[in-house]
Amino acid sequence: MGKRIVIALGGNALGNNLPEQMIAVKQTARAIADLIEEGHEVIIAHGNGPQVGMIQAAMTELTRSDPEKYIPCPLSVCVAMSQGYIGYDLQNALREELLDRGIEKGVATVLTQVEVDPQDPAFQKPTKPIGSFMTKEEAERMVAERGYNVVEDAGRGYRRVVASPQPQSIVEIDTIRALVETDHVVVACGGGGIPVFTTEGHHLKGAAAVIDKDFASCVMAQQLNADCLIILTAVEKVAIHFGKPDVKWLDDLTPAEAEQYIADGEFAPGSMLPKVQAALRFAQSGEGRTALITLLEKAKDGVAGKTGTRIHC
Ligand SMILES: Nc1ncnc2c1ncn2[C@@H]1O[C@H](COP(=O)(O)OP(=O)(O)O)[C@@H](O)[C@H]1O
Ligand SMILES: NC(=O)OP(=O)(O)O
């Protein structure tokens with residue numbers, strides 16, 4: 001029987017730049033179309049770390065070239081731009097793949113705002129890497145010239161980090177639900193959603209942050225009463241003792257086991273940890289809810305229970 005599935009797409013589903021993205025989304029569309037062909041309702045969210053960093057860097061260069069002509073572009077607007085152009089590529093690739101298979105369904109991207117708490121402590125402690133990798137010298141220059149926060153990323157170089165508050169609720173959830181219930185394929189909560197908070201009256205103000213797409217996908221899956229949250233990334237399964245000779249790949253986890261492995265520090269912060277935390281939150285949030293973490297190409301096998309790491313009660 002068809003399930004309602006929220007899919008969170010990781011970086012490898014999108015590539016790191018425009019030409020890479022055009023190629024990557026074709027393969028991504030095939031994996032998603034396989035699930036739609038099997039009768040599942042699919043809602044797609046995606047990351048935006050490299051893309052939002054690129055957009056902000058470009059907007060900053062523009063302002064620096066002529067500060068009187070070009071005013072600075074807020075990070076929330078850069079997130080909106082990243083949703084727009086990634087959604088554009090994804091919805092076109094999906095539309096084409098579905099039509100090639102004789103499936104006529106509307107595909108639409110919903111520019112999505114996600115409410116955050118302006119008092120979230122994450123605003124005081126930036127943790128979300130965005131943009132491309134920098135050398136130590138480049139990173140030091142960005143800190144001095146632009147006041148960026150940077151971190152060293154597991155020997156791969158330096159990256160800028162920005163605040164990443166927890167998603168509270170999705171402003172456009174009723175619109176997303178209405179589209180899903182009228183048989184549309186929806187791309188929503190891209191880049192974790194545009195972070196906003198309520199100020200006076202009904203006004204929503206953009207926040208200088210990038211929400212984690214795995215956490216936002218979890219909220220969307222809960223609010224849509226999905227059966228399954230699938231987090232697609234660059235590994236087929238989650239491991240304990242990852243990167244060590246005694247690595248152990250995990251198949252099925254109870255929430256208690258996942259909690260224990262998190263407490264033992266088995267998952268790297270900023271990469272696998274938020275995925276397992278989001279999967280755990282979803283599995284714990286209602287009866288019959290399953291979270292799956294696997295490779296993009298294995299999504300169909302994962303839903304069939306043949307591979308991936310599943311967290312369920
Ligand atoms: N315990 C673990 N098990 C599996 N992968 C892990 C683990 N800890 C860290 N990783 C790394 O996390 C990566 C996925 O995180 P990331 O690249 O940030 O995801 P995304 O697909 O969202 O861009 C994997 O490719 C893997 O290298
Ligand atoms: N917003 C977000 O979580 O992006 P990445 O998955 O690219 O880090």
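Start at 1 and go down the list; that is how both ligands and their atoms are numbered.
Residue-ligand proximity: Gly270 is placed with a non-hydrogen atom under 4.0 Å from ligand 1. Not a single heavy atom of Gln51 lies less than 4.0 angstrom from ligand 2. Contact analysis puts Ile211 in contact with ligand 2, with a non-hydrogen atom separation below 4.0 angstrom.
A salt bridge links Asp214 and Lys275; the closest N-O separation between the charged side-chain nitrogens and carboxylate oxygens is under 4.0 Å.
Here the heavy atom of the protein found nearest to atom 17 (O) of ligand 1 is Thr233 OG1, 4.6 Å. Of the protein's heavy atoms, Ala234 CB, 3.5 Å lies nearest to atom 25 (O) of ligand 1.
Of all the atoms in ligand 2, the ones that sit under 4.0 Å from a non-hydrogen atom of Asp212 are 3 (O). Proximity to Gly49 (heavy-atom distance under 4.0 Å) selects the following atoms of ligand 2: 4 (O), 5 (P), 7 (O).
No side-chain N or O of Ser285 forms a donor-acceptor pair with one of Arg281 less than 3.5 Å apart.
Here the side chain of Asn48 pairs no donor or acceptor atom with the backbone of Gln51 at under 3.5 angstrom.
The side-chain heavy atoms of Asp251 and Thr309, taken from C-beta on, include no pair separated by under 4.5 Å.
Under the side-chain contact (heavy atoms from CB on, under 4.5 Å) test applied with Ser164, the options Thr127, Ile130, Val116, Asp120 reduce to a single match, Thr127.
Hydrophobic clustering of Ile, Leu, Val, Met, Phe, Trp and Tyr side chains at less than 4.5 Å, counting indirect connections, unites Leu35 with Leu94.
Counting heavy atoms closer than 4.0 Å to ligand 1, residue Lys275 contributes side-chain atoms (C-beta onward) but none from N, CA, C or O.
For Lys213, a nitrogen or oxygen atom sits less than 3.5 Å from a nitrogen or oxygen atom of ligand 2, counting backbone and side chain alike.
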